[in-house]
Amino acid sequence: SLSERLNLTFKKLKGQGKLSEANMKEGLREVRLALLEADVHYKVAKDFIDRVKERSLGQEVLASLTPAQQVIKIVQEELTGLMGGSRQDLNLAGRPPVAIMLAGLQGSGKTTTAGKLALYLKEKNFRPGLVPADVYRPAAIDQLQKVGGVAGVEVYPSDPKINPVALCLSAMEWGKQNGLNPLILDTAGRLHIDQALMTELKQIKEQVRPNEILLVADAMTGQDAVNVAQKFNEWLELSGVILTKMEGDARGGAALSIKSVIQKPIKFIGVGEKLEALEPFHPDRMASRILG
Amino acid sequence: VLGKKEIDEDLLEELEEILITSDLGVMTTQALIDSVQQKVKRKELDNPERLKEFLQQEIHRFLDVPGKLIDFSQKPFIILVIGVNGVGKTTTIGKLAGRFQREGKKVLMVAGDTFRAAAGEQLEIWAERSGAEIIRQKEVSDPSAVVFDAVKAAKAREMDIVLIDTAGRLHTRVNLMEELKKIRRVIQKEIPDGPHKTLLILDATMGQNAISQARIFHEAMEINGIILTKLDGTAKGGIIVGICNELKIPIEYIGIGEKADDLQPFNPDEFVRALF
Ligand SMILES: Nc1nc2c(ncn2[C@@H]2O[C@H](COP(=O)(O)OP(=O)(O)OP(=O)(O)O)[C@@H](O)[C@H]2O)c(=O)[nH]1
Ligand SMILES: Nc1nc2c(ncn2[C@@H]2O[C@H](COP(=O)(O)OP(=O)(O)OP(=O)(O)O)[C@@H](O)[C@H]2O)c(=O)[nH]1
Ligand SMILES: [Mg+2]
Ligand SMILES: [Mg+2]
């Protein structure tokens, strides 16, 4: 673990009452390695280490803490501060029906997460509706309909021959007529570099004006997290992020990379395949997990 | 990287950045940088131009794993496809089925994902697209039961290839790993040498967790082939360098898109060149 490695590093630097450039260099090297092993992006890790260095130079080691503990405390606080600090609940204000749009790479967990959000909102006494806007993937509409059945919520009867932009518009009308609110739009997985498909998302946004546009990203994503988040944010101006598959053993450095680069809140995490497996994001827990 | 006159700290740092951002991971990157520094110390390498070449050769060496690729040595040749959630197992089976059918083989798909919503329906569409046959048992929730019947049917119908789809599962779920082992046991009841090919599907966008996945799936199921999907994105898929080196499992194909033709045999030279 990082604390074990730091203890070893600082043991060699015994008797130093202050965190100096010299003894910090080795300690921070260990922290940087831990971040990279956790899949934090190379540049994000570098910038983060520079910030920590600034904060800790010249600090007196608190009598109650070893230098290693001191470094961990500073790193933990910095990480928690970076990943939290912004509004995490869903913005559902406005004339109903409001829309929550889910977007992201192929296989990240959008369709399943749509069902989870529907169940979550139902338990908060909303009457949510699910909108299958993925007309490309085999049996995608079928999948969301089945998910809706399990969640006990209405699902818009999408016709795969209709283009997703028109489909979403009709679905908003359907939602209004059926007194449903909010509507959760499940879009097809796509690459952030696919001009045509990113344009489609932008058009859905412009026509529907969702309250929330959430990037659904896999917690195991590696260095690419920065590219994906940046592009999706450029195209759509995201309102937040949902990190899926968090119950596994991935360290989840993608969380730090994404948050640093787009500065949008991580609102929820997916922690399993069942529709109940949705939890709020805890920046402090994420920080410990990333550090390992 | 290559405008430099000599191999110095800055250059090595630039190389470190290229390798880390390609998802090779800290350990593999350090091993590669160490071997560069060794060469430089021994004066065997002093030209930045040669450096890139040397690194490419080293990475190629890590990836060069001799292994029997899918070879249809037995009939029916049983291919079991496994991996974590959402990596592209079902789609890859669809692509493989199409390829084998076009080669004149009789392919049977098995809907071994009895858990996820519309998994069977998704595979059925791929069966239609590829011309393969499919066995699906809508009311049965035990994948081993479906697989057992399907393997029996494959023998009876003299199928050439059986492609078994399984539900996505995290390698940390012990009970789900046990479920996979049970699937293998029922295959072996009918075909003692089976499954002939156990393919682990890895997603190129994954980070270091892929190593943990490969190790645990390998320990449970004896993987003898890997397919790396989603290389059409911006991720480099460098995770396979360390995995190949450590576990000595060959990369058989790469997935480069969502359509039936988007599958190519793995070419280590192209892969290595794309890293730089
Ligand atoms: N273990 C785990 N699996 C999850 C989680 N969220 C989703 N999944 C699984 O991930 C796989 C992909 O989920 P989907 O909902 O189909 O993903 P998607 O983003 O809609 O996929 P595309 O529409 O093809 O882009 C399924 O097997 C889901 O059950 C999670 O939090 N944990
Ligand atoms: N861009 C791209 N997308 C791919 C590739 N392979 C699969 N996909 C997409 O990834 C998503 C998930 O694919 P699936 O085949 O459902 O993945 P899976 O592993 O069977 O998922 P589960 O059964 O839910 O665990 C789909 O949207 C596929 O179209 C690929 O090589 N490139
Ligand atoms: Mg989907
Ligand atoms: Mg599948």
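Side chains included, hydrogens not; waters and symmetry mates left out as well; all remaining heavy atoms used. Here is how names work: the chains are called A, B, and so on, in the same order as the sequence lines, proteins then strands, and each is numbered from 1.
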| remark: Separation between CG (L275(B)) and CG (L55(B)), nearest 0.5 Å, reads 10.0 Å

| request: Could you look at L191(A) and say if it's the side chain, the backbone, both or neither that has a heavy atom under 4.5 Å from chain B? | output: side chain

| What part of I193(A) is in contact with chain B, defined as an atom under 4.5 angstrom from a non-hydrogen atom: side chain, backbone, both or neither? | side chain

| field | CD1 on I226(B) to CD1 on I249(B), rounded to 0.5 Å | value | 4.5 Å

| message | Show, in sequence, the C-alpha distance, side-chain angles and deciding distance for V135(A) and N163(A), and conclude whether the side chain to side chain contact (heavy atoms under 4.5 Å, CB included) test is met. | response | CA-CA 8 Å; V135(A) 303; N163(A) 91 61; over 6 Å; no

| note | d(I223(B) CD1, L247(B) CG) to nearest 0.5 Å is 9.0 Å

| For F217(B), which residues count as a ring-ring contact (aromatic ring centres under 6.0 Å, His included) partner, sequence neighbours excluded? | none

Would you enumerate the inter-chain donor-acceptor pairs between chain A and chain B whose distance is below 3.5 Å?
from    : atom 1 : to      : atom 2 : distance (Å)
R32(A)  : NH2    : E16(B)  : OE1    : 3.0
D39(A)  : OD1    : Q208(B) : N      : 2.9
D39(A)  : OD2    : Q208(B) : N      : 3.2
Y42(A)  : OH     : E16(B)  : OE1    : 2.7
K43(A)  : NZ     : E17(B)  : OE2    : 3.3
K46(A)  : NZ     : E13(B)  : OE2    : 3.0
Q106(A) : O      : K230(B) : NZ     : 3.0
Q106(A) : NE2    : E258(B) : OE2    : 2.8
R137(A) : NH2    : Q122(B) : OE1    : 3.4
K146(A) : NZ     : E121(B) : OE2    : 2.8
H192(A) : NE2    : T234(B) : OG1    : 2.8
M220(A) : O      : G207(B) : N      : 2.8
G222(A) : N      : T205(B) : O      : 2.8
Q223(A) : N      : D23(B)  : OD1    : 3.0
D224(A) : OD1    : T234(B) : OG1    : 2.6
D224(A) : OD2    : T234(B) : OG1    : 3.3
K245(A) : NZ     : N85(B)  : O      : 3.0
D249(A) : OD1    : H171(B) : NE2    : 2.8
D249(A) : OD1    : N209(B) : ND2    : 2.7
D249(A) : OD2    : S212(B) : OG     : 3.0
E273(A) : OE1    : N85(B)  : ND2    : 3.0
E273(A) : OE2    : N85(B)  : ND2    : 3.2

| said: What part of V84(B) gets within 4.5 angstrom of chain A, counting heavy atoms only: side chain, backbone, both, or neither? | reply: side chain

| field | Minimal non-hydrogen separation, A103(A) against L201(A), with atom names | value | CB-CD1, 3.9 Å

| request: Could you pull out all residues at least two apart from F62(B) that satisfy ring-ring contact (aromatic ring centres under 6.0 Å, His included)? | output: none

| What part of L105(A) lies closer than 4.5 angstrom to a heavy atom of chain B: side chain, backbone, both or neither? | side chain

| task | Kindly write out the residues that satisfy ring-ring contact (aromatic ring centres under 6.0 Å, His included) with F281(A), not counting sequence neighbours, or none if the list is empty. | result | none

